[in-house]
Amino acid sequence: MAAFLGRRLHGLTSISHDELKARTRGVRLVVRAGEATPYANIILRCGVPF
């Protein structure tokens, strides 16, 4: 999954699972993609102020 996304999303970085949980603590929307691989999660930031 990381190689696939790395070819398509420039600037992709890896973070720990704990950091992922910390960054998503105050999210407004979660999209489930159906990926079954353990820890195959990504954060997509829109960069639009609400």
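Counting only distance, with no hydrogens or angles, the side chain of T24 and the backbone of V27 share no donor-acceptor pair below 3.5 Å.
Applying the side-chain contact (heavy atoms from CB on, under 4.5 Å) test to R8 and every residue at least two apart in sequence or in another chain returns F4. Annotation: side-chain contact (heavy atoms from CB on, under 4.5 Å) contacts of S14 (sequence neighbours excluded): none.
Taking CZ of R23 as the reference point, atom CG of D18 lies at 12.5 Å (rounded to 0.5 Å). In this structure, CG in L5 is found 6.0 Å from CG in L12, a value given to the nearest 0.5 Å. In this structure, CD in E19 is found 9.5 Å from OG1 in T13, a value given to the nearest 0.5 Å.
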